Amino acid sequence: QVQLVESGGGLVQPGGSLRLSCAASGSIFSITSMAWYRQAPGKERELVAQITSDGSTNYAEFVKGRFIISRDNAKNMVYLQMNSLKPEHTAIYYCNILVRLDYGKPLAAYWGKGTPVTVSS
């Protein structure tokens with residue numbers, strides 16, 4: 001089994017910063033992609049940022065220039081540095097990874113339980 005544990009969410013004032021962390025553990029052979037999604041109240045879950053095993057990144061338009069995704073392959077961790085936060089960034093942020101549980105096995109997706117981010121004065 002694979003477990004994902006997110007941390008770092010909370011309440012922050014507009015213009016502030018937060019750093020989210022996600023730790024992956026379990027019987028993982030390799031991790032190809034690590035990503036952060038968000039789900040705001042009444043809206044569908046959407047991609048925020050993604051990083052591949054070679055460090056290539058992909059960002060949603062609404063976070064370009066504000067958020068930075070990074071990963072530590074040795075620790076199986078992914079981070080999301082969120083700067084210049086706005087109230088519209090309020091959401092539950094979920095960690096997502098694509099892994100192979102063994103050599104030659106198909107990719108499998110796993111989700112964390114989410115960490116809430118509230119941007120409010």
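Everything numeric here is computed off the predicted structure, so don't read it as measured data.
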Spacing of CD belonging to Glu88 relative to OG1 belonging to Thr90, to within rounding of 0.5 Å: 8.5 Å
Sequence neighbours excluded - ring pair (Phe, Tyr, Trp, His ring centres under 6.0 Å) pairs with any residue from residues 47-67: Phe67-His89
Heavy-atom closest pair, residues Leu80 and Ala49: CD1-CB, 4.2 Å
Spacing of CD1 belonging to Ile68 relative to CZ belonging to Arg19, to within rounding of 0.5 Å: 10.5 Å
Student check: side-chain heavy atoms of Val5 and Cys22 closer than 4.5 Å: no
Side chain proximity check, Glu6 to Leu20, heavy atoms < 4.5 angstrom: no
Ring pair (Phe, Tyr, Trp, His ring centres under 6.0 Å) partners of residues 8-29, not counting sequence neighbours, each pair once: none
Nearest-0.5 Å distance that lies between atom CD in Gln13 and atom CG in Leu85: 11.5 Å
Shared-cluster residues of Met77, by chain and number - hydrophobic side chains joined below 4.5 Å: Tyr79
Shared hydrophobic cluster, Val2 / Ile51 (ILVMFWY, side-chain heavy atoms < 4.5 Å): yes
Can you give me every donor-acceptor pair (side chain of residues 96-120, partner residue at least two apart or in another chain, under 3.5 Å) with its distance?
{"residue": "Asn96", "atom": "ND2", "partner": "Tyr110", "partner atom": "O", "Å": "3.4"}
{"residue": "Arg100", "atom": "NH1", "partner": "Lys105", "partner atom": "O", "Å": "2.7"}
{"residue": "Thr115", "atom": "OG1", "partner": "Gly9", "partner atom": "N", "Å": "3.2"}

Joint cluster assignment, Leu18 & Tyr93, ILVMFWY side-chain distance < 4.5 Å: yes
In one Ile/Leu/Val/Met/Phe/Trp/Tyr side-chain cluster, 4.5 Å: Tyr94, Met82: no
Shortest non-hydrogen contact from Ala24 toward Leu4: CB-CD2, 3.4 Å
Side-chain heavy-atom pair Arg71, Ile31 within 4.5 angstrom cut-off: yes
Side chain proximity check, Ile28 to Asn76, heavy atoms < 4.5 angstrom: yes
Pair listing, side-chain hydrogen bond (donor to acceptor under 3.5 Å, both in side chains) test, anchored in residues 20-29, at least two apart: Gln3-Ser25
Heavy-atom pair with the smallest gap, counting every atom of Pro14 and Ser121: CD-N, 3.7 Å
Residue pairs fulfilling side-chain hydrogen bond (donor to acceptor under 3.5 Å, both in side chains) with at least one residue in residues 38-56, sequence neighbours excluded: Ser33-Gln50, Arg38-Glu46, Thr52-Asp54, Asp54-Ser56
CG-CG distance between Leu47 and Asn58, expressed to the nearest 0.5 angstrom: 6.0 Å
